[in-house]
Amino acid sequence: MEIVGQLQKQFVDFSTSLNHEGFLDEQYLQLQKLQDESNPDFVCEVVSLFFDDSEKLLNNLATALQQQVVDFKQVDAHVHQFKGSSSSIGAQRVKNMCVAFRNFCEEKNLDGCLRCLQQLKHEYFLVKNKLETLFRLERQIVEAGGTVPVIG
Amino acid sequence: MDSCGFSSPRTECFPAGLRVLVVDDDPTWLKILEKMLKKCNYEGCDFGLRKKIERNIKMMIRQELIDCVCAVMSVDGETSRVMKGVQHGACDYLLKPIRMKELRNIWQHVFRKRIHEVRDFEGHESLDEMMLRGGADLLDDGFFFGGDPVPGKKRKDVDHMSDDRVGGDPSSLKKARVVWTVDLHQKFVKAVNLIGFEKVGPKKILDLMGVPWLTRENVASHLQKYRLYLSRLQKENELRTTLGGTMHSDLPPKDAAAGPGNASLQTLDTKSSKQNISVHHDDPRNCEGIAKASPTPMAETKAAEISDLAKSSTSSISFDRSFVESSDAKSEPTIQVQYSWSAGASPLQFKPEQKPQARAPPIGFKQEQKPPLRFKKEQQAPLFVAEHRFDHAPVAVHHRKDNKASDKPSPTATDPPYSKAKRGQSSKATKVESTAALFCIQPERPFTDCHTIDPIPSSIWSTKTSQSFEQNLYDEPWHINALLGTGSALASDYTSQYPPNPYLGTIDPFCFNGQELITDVSSLKFLIDPVIDEGLYIA
């Protein structure tokens with residue numbers, strides 16, 4: 001069907017660009033490989049978990065950095081956790097931002113940390129946006145009667 | 001996975017069905033790992049709340065509910081982190097994001113540990129669980145590990161599987177119970193004394209013993225028990241000494257290992273234990289006669305005594321009994337023994353080249369000192385007593401050695417009312433006695449008895465190690481969750497490291513998983529059967 005074909009092409013193109021632009025890396029493909037008939041919404045579920053977790057972490061980070069006396073160890077712990085969870089779905093740019101963030105934590109550079117937090121938020125919402133678009137495309141393909149192409 | 005062709009509750013073959021417990025504070029990772037494990041045909045089980053989990057796991061390991069190896073996973077791959085992980089006992093360090101192929105191979109750790117366990121502990125239950133620990137925060141990352149709350153069945157399965165798989169050499173994998181008969185033990189003790197208690201190593205002992213079918217691991221395990229036993233005896237003896245009150249304070253600077261003492265020891269050595277016993281038993285003064293021990297390396301004395309005792313183990317039993325029963329000479333001989341012991345009797349007669357050893361624990365004496373109570377306890381739980389004593393003995397000796405500087409065992413030092421003369425001889429006698437006492441237990445309750453309890457120490461050991469490991473685990477604020485390594489196969493090389501115990505005061509790093517298991521035993525106490533333990537401290 002035309003529509004399915006179009007949607008599928010859109011999906012493939014979009015996925016590829018996400019990969020090229022560093023939003024999503026290999027790990028995301030791995031996740032997709034894990035998805036099977038027994039668990040058709042696996043990737044979506046995992047990503048949802050990531051979203052929830054991330055938003056919590058971002059809030060924690062904001063709180064921690066707003067303290068009178070900033071506990072950089074605590075901040076670092078949060079960032080470390082964020083780094084881990086972002087790596088779980090392959091959110092590469094978010095992960096890289098975490099690395100930079102941790103450096104500022106080590107230096108106990110409050111300004112640097114605050115800036116990083118902003119950037120981190122930015123990256124996070126970017127990738128969240130992209131993923132939501134991706135899922136939407138998938139849904140449309142399935143609703144149109146097609147199958148979602150497997151990338152990689 | 002190929003079929004193993006035997007019936008078991010689990011239809012898959014190892015490593016299929018490997019139970020993996022995942023602990024991570026990152027829910028995203030938990031979900032992913034769960035799925036990945038499923039793909040590997042492993043049974044995954046994940047935990048979220050890390051703190052709670054860790055506590056629970058710690059508890060479960062303590063209770064020996066979990067037998068597993070541990071791998072760490074983290075997003076942080078710095079070498080220092082990895083090193084830390086391994087130091088804390090991680091069998092492996094997986095970097096997040098975790099790849100399928102990495103996960104697929106984690107079973108090797110379990111398998112390795114199993115093999116080591118079987119080898120080292122003569123058929124101890126293997127572990128087929130795996131623990132992976134990873135996470136993202138300072139304190140501990142989430143970790144996942146394989147844990148089976150009811151390991152028994154699973155282990156059995158794996159045992160079967162392992163046997164089937166390895167096939168070729170079932171003897172090496174199957175439990176090989178070594179029954180330490182009196183004769184065998186005597187050989188062992190002789191070998192130990194020949195080498196010198198402190199320098200002894202299972203390989204040397206094995207060579208000296210000349211028992212072809214005995215393996216180094218058998219000897220190593222036996223040596224460990226022996227040391228623990230001696231240490232325990234020493235403790236008991238110390239206790240009795242302090243509590244006794246009939247001790248003599250005099251303690252010759254040098255142990256009464258003078259000639260006469262030697263002679264007496266020698267006599268003891270050559271004569272039947274019964275004879276020795278009688279000497280001792282008869283009169284402390286007799287001991288005096290023999291007392292003139294010159295300071296000789298304790299080792300020799302000890303060795304002599306031990307070998308002596310070994311020989312006279314049978315008779316010693318009776319001796320012990322009689323000794324115990326006789327109320328009058330009890331305390332004195334005890335004291336004397338103590339001193340003679342420390343005095344380090346007659347090296348001459350025995351192997352002069354023996355190095356000084358820690359005083360043979362007058363522990364035996366302690367026991368005798370309060371025979372009614374002690375014995376009662378022993379009778380109540382003979383099996384455990386035997387085992388227990390045995391286990392502690394070496395430790396005591398060890399300690400003695402440390403105190404050897406002054407050549408005065410500390411307990412003896414605390415015994416003011418002690419005549420030197422008496423000390424010399426009596427100590428000899430007592431020493432023999434004590435040793436006899438030590439050994440007499442064995443014949444009474446053959447080593448098989450002890451042996452039947454073997455698994456207990458091992459398992460307890462693993463518990464302990466896990467426990468202590470857990471201790472370190474949680475005490476360390478590090479990003480990578482440490483590993484929980486349980487199971488007895490903690491020491492892949494048994495000889496190289498005797499599990500540290502409180503008496504010895506050493507703590508080796510604890511490593512899980514057959515790879516390099518370094519055991520970290522913070523306290524041996526847990527190994528002690530409660531009955532025995534109580535008994536020890538009964539005044």
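Numbered from 1 within each chain, the chains take letters A, B, ... in sequence-line order. All values below come from the heavy atoms of this structure, side chains included, with hydrogens, waters and symmetry mates left out.
- Here the side chains of B:Pro27 and A:Lys56 are not in contact, with every heavy-atom distance at 4.5 Å or above.
- B:Lys35 has its side chain within reach of A:Ser38: a pair of non-hydrogen atoms, C-beta onward, lies under 4.5 Å apart.
- Between atom CZ of residue B:Arg99 and atom CD of residue A:Gln30 there is a gap of 4.5 Å, rounded to the nearest 0.5 Å.
- Contacts of A:Leu34 with chain B are made by both backbone and side-chain atoms, with heavy-atom separations under 4.5 Å.
- Expressed to the nearest 0.5 Å, how far CZ of A:Phe50 lies from NZ of B:Lys31 amounts to 16.0 Å.
- To the nearest 0.5 Å, the span separating OG1 on B:Thr28 from CD on A:Glu45 amounts to 12.0 Å.
- Of all heavy-atom pairs between B:Val75 and A:Ser87, the closest is CG2-OG, 3.7 Å.
- Between A:Lys33 and B:Met36 there is no side-chain heavy-atom pair separated by less than 4.5 Å.
- Here the shortest heavy-atom pairing between B:Trp29 and A:Gln27 reads CH2-NE2, 4.0 Å.
- Scanning all heavy atoms of the two residues, the minimum distance from B:Ile32 to A:Ser88 falls at CD1-O, 3.1 Å.
- The residues B:Lys39 and A:Asp36 are annotated as salt-bridged, a charged nitrogen and a carboxylate oxygen being separated by less than 4.0 angstrom.
- A:Arg102 places a side-chain heavy atom less than 4.5 Å from the side chain of B:Asp76.
- In this structure, B:Asp26 does not pair ionically with A:Lys83, as no charged nitrogen and carboxylate oxygen lie closer than 4.0 Å.
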